[in-house]
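Numbers here are sequence positions counted from 1. Treat the numbers as computed from the prediction; the structure is a model and nothing was measured.
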Amino acid sequence: MKKFRGIFIKNDYEISILREANRIVALILDQLEGRIKPGICTMELEDAANKLCEEFNVKPAFKGYQGFPYTLCCSVNEVIVHGFPNTDELKSGDILSVDMGVQHRGFFGDSARTFAIGEISAEADNLIKVTRQALYEGISRSIPGNDLYEISGAIEKYSKAHGCSIIKRFVGHGIGASLHEKPELPNFVPRRRPKIPLKTGMVLAIEPMLSLGSDQVEIMADNWTAKTKDRSLSAHFEHTVVITRDGPEILSSLD
Ligand code: MG
Ligand code: MG
């Protein structure tokens with residue numbers, strides 16, 4: 001595969017497989033979304049996700065990745081990312097972030113969404129909306145010739161303008177024949193940064209994680225579950241996007 005400054009440039013054939021992989025992730029997330037309501041538990045979503053992976057003939061990308069034990073990351077309320085599915089009942093007022101990845105014909109799909117469970121507070125609703133829109137602000141800057149950090153800057157500016165904190169510990173990433181490839185894509189503009197012009201054929205997983213309070217992270221005893229230090233609510237949206245001549249194409253969306 002061709003590289004530019006260490007970043008893989010995908011050809012049309014590779015992009016077509018990435019398109020399939022990410023479309024499957026979107027279909028699975030849609031199916032899971034239809035099951036989400038007060039009273040269910042995230043382990044039910046995990047079981048459903050495993051069945052859907054079998055039906056689509058894809059391999060869950062996260063299970064076994066650096067020892068992560070499940071197909072889904074299910075992160076409730078103050079959990080930012082990497083939460084384990086469990087048998088606790090979801091209740092009205094909770095928010096749930098679901099992150100899903102698959103491997104399909106040697107390429108990866110990766111996408112995340114945060115869902116409201118029943119009736120949620122105005123603050124929680126706002127956090128979800130701001131995080132989703134921050135992602136789309138970043139996507140809109142994903143055009144050839146722009147610098148990579150214009151994506152970061154757009155996410156940062158929108159998030160801060162709307163009163164949310166950026167979790168800096170976790171970043172977006174290149175994606176392709178590996179789940180995590182170069183470059184790292186922070187959700188803020190780092191003080192020291194190389195120039196990375198975006199090129200047609202680069203594929204990025206853009207994934208803002210925001211909170212209503214502290215941007216500090218605490219990792220739980222399971223070595224995965226990442227919570228906000230002050231236990232404030234956190235949301236996460238992610239799309240896999242390919243940079244084309246005509247601008248960004250969101251691979252993990254059915255629209
Ligand atoms: Mg993900
Ligand atoms: Mg990702």
_Per the side chain to side chain donor-acceptor pair (under 3.5 Å) rule, what does the pair list look like for residues 139-148, sequence neighbours excluded?_
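Only Asn146-Glu150 qualify under side chain to side chain donor-acceptor pair (under 3.5 Å).
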
Can you measure from [atom1] ([X]) to [atom2] ([Y]) and round to the nearest 0.5 angstrom?
X      : Y      : atom1 : atom2 : result
Ile95  : Ile117 : CD1   : CD1   : 9.0 Å
Ser214 : Asp230 : OG    : CG    : 4.5 Å
Thr87  : Ile40  : OG1   : CD1   : 12.0 Å

Side chain to side chain contact (heavy atoms under 4.5 Å, CB included) partners of [X], counting only residues at least two apart:
X      : result
Arg23  : Leu27, Leu254
Glu55  : Leu52
Glu184 : Val171
Thr244 : Val242, Asp246, Glu249

Under the salt bridge (charged side-chain N to carboxylate O under 4.0 Å, His left out) definition, can you give me all pairs with a residue in [range], not counting sequence neighbours?
range            : answer
residues 99-115  : Glu20-Arg105, Asp30-Arg113, Glu33-Arg113
residues 62-87   : Glu78-Lys227
residues 119-132 : Asp125-Lys129

Would [X] and [Y] count as a close aromatic pair, with their ring centres under 6.0 Å?
X      : Y      : value
Phe170 : His82  : yes
Tyr136 : His239 : yes
His180 : Tyr65  : yes

*With sequence neighbours left out, write down each residue that passes salt bridge (charged side-chain N to carboxylate O under 4.0 Å, His left out) with Arg169, or none if nothing qualifies.*
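Partners of Arg169 by the salt bridge (charged side-chain N to carboxylate O under 4.0 Å, His left out) criterion come out as none, since no residue qualifies.
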
*asked:* Under the rule for salt bridge (charged side-chain N to carboxylate O under 4.0 Å, His left out), what residues qualify as partners of Lys229, not counting sequence neighbours?
replied: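 Per chain and number, Lys229 pairs via salt bridge (charged side-chain N to carboxylate O under 4.0 Å, His left out) with no residue.
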
Does [X] use its side chain to pair, donor to acceptor, with the backbone of [Y] at less than 3.5 Å?
X      : Y      : answer
Ser75  : Gly83  : yes
Ser152 : Pro186 : yes
Asp94  : Leu90  : no
Glu238 : Ala205 : no
Thr131 : His236 : no
Ser121 : Ala124 : yes

*Considering the options Ser232, Ser159, Ser211, which one meets the side chain to side chain contact (heavy atoms under 4.5 Å, CB included) requirement together with Ser165?*
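For Ser165, the side chain to side chain contact (heavy atoms under 4.5 Å, CB included) test succeeds with only one of Ser232, Ser159, Ser211, which is Ser211.
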
*Any ion pair linking Glu137 and Lys157 (charged N to carboxylate O, less than 4.0 Å)?*
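Answer for the salt bridge query: no.
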
*asked:* Please evaluate residues Glu181 and His173 with respect to the criterion side chain to side chain donor-acceptor pair (under 3.5 Å), reporting the C-alpha separation (whole Å), side-chain torsions for both, the decisive distance (0.1 Å), and the verdict.
replied: CA-CA 6 Å; Glu181 295 182 350; His173 50 94; over 6 Å; no

*If you measure only the distance, is there a donor-acceptor pair under 3.5 Å linking the side chains of Asn50 and Glu54?*
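No, because no side-chain N or O of Asn50 sits under 3.5 Å from a partner of the opposite role on Glu54.
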
For [X] and [Y], work out which heavy atoms get closest and say how close.
X      : Y      : value
Lys10  : Ile175 : NZ-O, 2.9 Å
Ala235 : Ser97  : CA-OG, 4.1 Å
Val81  : Met209 : CG1-SD, 3.6 Å

*asked:* Can you list everything that forms a side chain to side chain donor-acceptor pair (under 3.5 Å) with Ser234? Sequence neighbours excluded, please.
replied: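 Not a single residue meets the side chain to side chain donor-acceptor pair (under 3.5 Å) criterion with Ser234.
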
*Who pairs with Lys160 by side chain to side chain donor-acceptor pair (under 3.5 Å), at least two apart in sequence or on another chain?*
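Here the qualifying residues are Glu156.
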
*Decide side-chain contact (heavy atoms from CB on, under 4.5 Å) for Leu251 and Val25; before the verdict, give the C-alpha distance in whole Å, the side-chain angles of both, and the deciding distance to 0.1 Å.*
CA-CA 10 Å; Leu251 298 179; Val25 173; over 6 Å; no

*Is any side-chain heavy atom of Phe84 closer than 4.5 Å to a side-chain heavy atom of Asp222?*
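They are in side-chain contact.
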
